[in-house]
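Order of the sequence lines sets the chain letters (A, B, ...), proteins ahead of strands, with each chain counted from 1.
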2 protein chains.
Amino acid sequence: MVKYSEADLDRTFSALADPTRRALLARLGREDGVSVSELAEPFPVSLPAIMKHLNVLSDAGLIRREKSGRTVTCRLNAAPLADAMAWLDFYQRFWSAQLDRLADFVENEPT
Amino acid sequence: MVKYSEADLDRTFSALADPTRRALLARLGREDGVSVSELAEPFPVSLPAIMKHLNVLSDAGLIRREKSGRTVTCRLNAAPLADAMAWLDFYQRFWSAQLDRLADFVENEPT
DNA sequence: CCTTAACTTAACCGCATGGTTAAGTATAGC
DNA sequence: GCTATACTTAACCATGCGGTTAAGTTAAGG
């Protein structure tokens, strides 16, 4: 069902590994369809720096850019995150299992 | 509830951004408590390279190392993944919403 | 003790990343 | 057509990453 290729996971996770990029995604989650300059405005870095982040995000397939006139509108494309979630899910379960085992231990431990 | 600090998410996601590191975690998910040299064995890279990966993983809190005698045993610690999951969860929802909207669109589209 | 085994640390290398400034392209508006 | 706006690209720089080989530590075993 979920296909996850290693290279895709690499790109997705490393795109998410930067706080500026996560903030950009967060903005696009709140507000759909934001121009490049509007996206860049809140950040203390130059426009070209934001451009590079946007390139990383679209290479990872996490955003889509659409040019109309001289402004470029960005929107979130969260599909690749589903693969990342699927990968994490197994370990999430493992973690839950760990907690369950701990709970059992605590419960069955003689005082 | 979930506290996620930006720096922790940075470390977690960038730890997950490498296929060798994901493979190491996968191994520890299947088999709990593996020595460093056993972990390194399947990979076509040198031991020091694996050491660096293990350092990254323990800096991110994803594994724990315990020395006994001259062997070091590694085990998975999936707790930080919960934070990563929590962060992704919102966008997962956004993605679902996108799919719902697409479904609506397809459904209501005149042929 | 000496040696081997299991890690660890150090020093180096090439390449990617995140940032900069400066120059380039293209569209909107007067 | 000129000019300002909205991006984009180029060139550069420092730092970090993933790898290497070589040397260093620590604990078993004979």
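- Taking atom CG on B/Asp10 and atom P on C/dG18, their separation rounds to 10 Å, with Å as the unit.
- Rounding to the nearest 0.5 Å gives a distance of 11.5 Å between CZ of B/Arg30 and CG of B/Leu76.
- Look at NZ on B/Lys52: it is 13 Å from P on C/dC13, rounded to the nearest Å.
- Phosphate proximity of D/dC17 to B/His53: absent, as no side-chain N or O sits under 4.0 Å from OP1 or OP2.
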- 5'-to-3' dot-bracket of DNA chain D (Watson-Crick, G-U; under 3.5 angstrom; crossing pairs as [ ]; | other strand): ||||||||||||||||||||||||||||||
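- For B/Thr20, no side-chain nitrogen or oxygen approaches OP1 or OP2 of D/dG18 to under 4.0 Å.
- Residues A/Leu62 and A/Ala15 share a closest heavy-atom pair of CD1-CB, 3.9 Å.
- The structure places CG of B/Leu47 at 9.0 Å from CG of B/Leu54, a figure rounded to the nearest 0.5 Å.
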What N/O pairs connect the protein and nucleotides 21-25 of chain D at under 3.5 Å? Give each pair on its own line.
none

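- Between B/Glu6 and A/Arg22 there is a salt bridge, since at least one side-chain N of the basic residue sits less than 4.0 Å from a carboxylate O of the acidic one.
- Remark: C1' of D/dG16 and CG of B/Asn55 are 15 Å apart, rounded to the nearest angstrom.
- Atom CD1 of B/Ile50 is separated from atom C1' of D/dT20 by 13 Å (rounded to the nearest Å).
- Atoms CG (A/Leu57) and C1' (C/dT17) sit 14 Å apart, rounded to a whole Å.
- Within the model, atoms OG1 of B/Thr73 and CG of B/Asp32 stand 10.0 Å from one another, a figure rounded to the nearest 0.5 Å.
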- Run the side chain to side chain contact (heavy atoms under 4.5 Å, CB included) check on A/Trp87 and B/Leu16 step by step: do they pass? CA-CA 10 Å; A/Trp87 194 92; B/Leu16 294 175; 3.8 Å; yes
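- Under a hydrophobic-cluster definition in which Ile, Leu, Val, Met, Phe, Trp and Tyr are linked whenever side-chain heavy atoms come within less than 4.5 Å, directly or via other members, A/Val56 and B/Leu88 are assigned to different clusters.
- You'll find that the side chain of A/Met51 is closest to D/dC7, out of C/dG18, D/dC7, D/dG19.
- Rounded to an integer number of Å, the gap from CG of B/Leu54 to C1' of C/dT8 is 12 Å.
- Shown here for B/Ala40 and B/Ile50, the closest heavy-atom pair between the two residues is CB-CG1, 3.8 Å.
- At whole-Å resolution of the value, CG in B/Asp18 and C1' in C/dA16 are 13 Å apart.
- For the pair B/Phe13 CZ and C/dT17 P, the interatomic distance rounds to 18 Å; values are reported in whole Å.
- Contacts with DNA chain D (heavy atom under 4.0 Å) in residues 61-73 of chain A: A/Arg70, A/Thr71, A/Val72, listed by number.
- Not a single donor-acceptor pair under 3.5 Å links the side chain of B/Arg65 to the backbone N or O of B/Val36.
- Evaluated for a side chain to side chain contact (heavy atoms under 4.5 Å, CB included) with A/Val34, the options A/Glu41, A/Arg27, A/Arg75 yield exactly one hit, A/Arg27.
- Taken to the nearest 0.5 Å, the CZ atom of B/Arg11 stands 11.5 Å off from the CG atom of B/Asp83.
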